[in-house]
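Structure record follows, encoded as structure tokens.
As the structure is a computational prediction, the values presented were derived from the model and not from experiment.
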Amino acid sequence: LSGCSGIESLPSSLCELTKLVRLELRGCTSLTTLPELAGQWWALEVLDIRGCSRLTRLPANMGQMEQLTALVLADSAIVELPVEAARWKNLRLLDCSRCAQLAALEVGIIEQLTNLQVLSLVSCSSLKAHLSQLYARVGTTTAGASEQPTQLKMLHQLQTIIATWSSLTLKYATTSKGSAGEQMMLTQPDDVYEHLEEHEEQLRTLEHNLSQGILLDAAPIFGPIIREWKGNLATVRAVLDVWLNVQLLWPQVGLLVKDDIRAQLPQEAKRRDDVDATFRAQMADLSNISDPLEACTAEGRLEAWQACLADLEALVKSLDKFLSMKRLRFPRFFFVSDATLLEAYNQGGGGGAAGLERMQVHLESFFDSIKRLECSADDGALIEGLRSADGQTMKLINPVKVEGMVDDWLCVLLNEMRSTVNRIISHAAADVHAIGTVEFIHKYPAQVSVIGIQMKWTADSEEALRRAKTERDA
């Protein structure tokens, strides 16, 4: 009957099933009572009522279930065990994990459970005062069962796994991710991954031993618990892997908030807004949850992160295509990373004096020797010249207006730079023969001066060779 959340009580006729061996009521969240004649289940060996969050007590005559070997009360609202629980001489597993309402557990009853091997009281906050005494008694009992050392070792491993995961925590930190803004993010959960590796291997070993018959008599008791924890840890791993990938990709599409790129990629911008809303909603919910199991196994959590990751991967692919087109149009964009190019594109997009000023810091990424673009005193969006890092300047023949997208005015600027350099070199080629060398060097930029001097040396060398060939006395 597990998962029947609408059941409030069981029919009394169910007690007539006197040969019932196993009863599972996991997740029956509306169940408030068990039949008063439940003690008639003489043959019952396993009773699992974990997650019955409204069930507060067990019938008094349950002590008649003398064949009971496993009682799982985890995550229920049970307040106390019935006095007749002392008659459960065959009980080997008593799981009261996270029974926050369990206020009393008589040591005398536990002492009479002579075959009890595993007692789990993880997160039983109301029992803190009795825990050490109770576990001391159980420890004595299990230590005396030397005829089953392998079985006890494996059962203790399972109890250790449960206890460890109740103490693990996730940590968050507020980080700034550029255009994506500040956001609470999950820090790398190295300790969680470390325990995942260890405990998944232990659970695989336990499950293998059960399937091979090493713990055959314990299979009905611990098989469901092992399978449940394997599933929980697999879900934790899957969610954390996807979650961390989403956090890695999310900042990369943050620049889609900029108007310039949104105008060119309207569908991707809308998709980015939807992903951003989902991401922030998930993080707002998760930032108050430190328990890895609670955070990762919540209903719909994995599906939500998987949907986010699929959308982000599609957006990153669209951005890559967009940037490839821009690089083909202005090949100097190949010199910089995607992040730098997106940042530059957004800062310089739209043109104008403000766009030009924001672009100044990126110039050296695209041009080796240009430190700054010199603008007109009257119009801050009109480029009149170039300045190098060592202070040399070059005035453009035709000023360039900064307008449109970054690649638009950069292409115009590059063409004008070529025309200007070509014109300057042409003038230098004429002047190098007309004026003195010192005057020539001071008149032109260093690289042009070198080219001019090389031209003069070549011309002089050719002339000397010509004269040597035609004039014997040369």
Inset, instruction - Please examine the side chains of Trp165 and His195, heavy atoms only from C-beta on, and report whether any two atoms are closer than 4.5 Å. - result: yes
Inset, instruction - Measure the shortest side-chain to side-chain distance between Ser449 and Phe440 over non-hydrogen atoms and say whether it is less than 4.5 angstrom. - result: yes
Legend entry - Flag side-chain contact, heavy atom, 4.5 Å: Thr160 against Gln202: no
Legend entry - Pair Asp338 + Arg327: basic N to acidic O under 4.0 Å: yes
Inset, instruction - Mark yes when over 12 heavy atoms from residues, nucleotides or ligands other than Glu24 sit less than 6.0 Å from its CD; otherwise mark no. - result: yes
Legend entry - Electrostatic pair Asp408:Arg329 at N-O distance under 4.0 angstrom: yes
Legend entry - Residues that Asp191 engages under side chain to side chain donor-acceptor pair (under 3.5 Å), provided they are two or more places apart: none
Inset, instruction - Go through the structure and list residues passing salt bridge (charged side-chain N to carboxylate O under 4.0 Å, His left out) with Lys270, not counting sequence neighbours. - result: Asp274
Legend entry - Lys/Arg N to Asp/Glu carboxylate O, Arg237 vs Glu197, below 4.0 Å: yes
Legend entry - Salt-bridge present (Arg301, Glu294; N to O < 4.0 Å): no
Legend entry - For Met185, the option from Tyr172, Trp250, Trp243 that meets side chain to side chain contact (heavy atoms under 4.5 Å, CB included): Trp250
Inset, instruction - Answer yes when Asp311 and Arg272 have at least one side-chain N-carboxylate O distance shorter than 4.0 Å, and no when they do not. - result: no
Inset, instruction - Consider only side-chain N and O atoms of Asp378 and Ser376, and report whether a donor and an acceptor are under 3.5 Å apart. - result: no
Legend entry - Lys371/Glu364 salt bridge by N-O under 4.0 Å criterion: yes
Legend entry - Carboxylate-amine/guanidinium proximity below 4.0 Å for Glu207 and Arg204: no
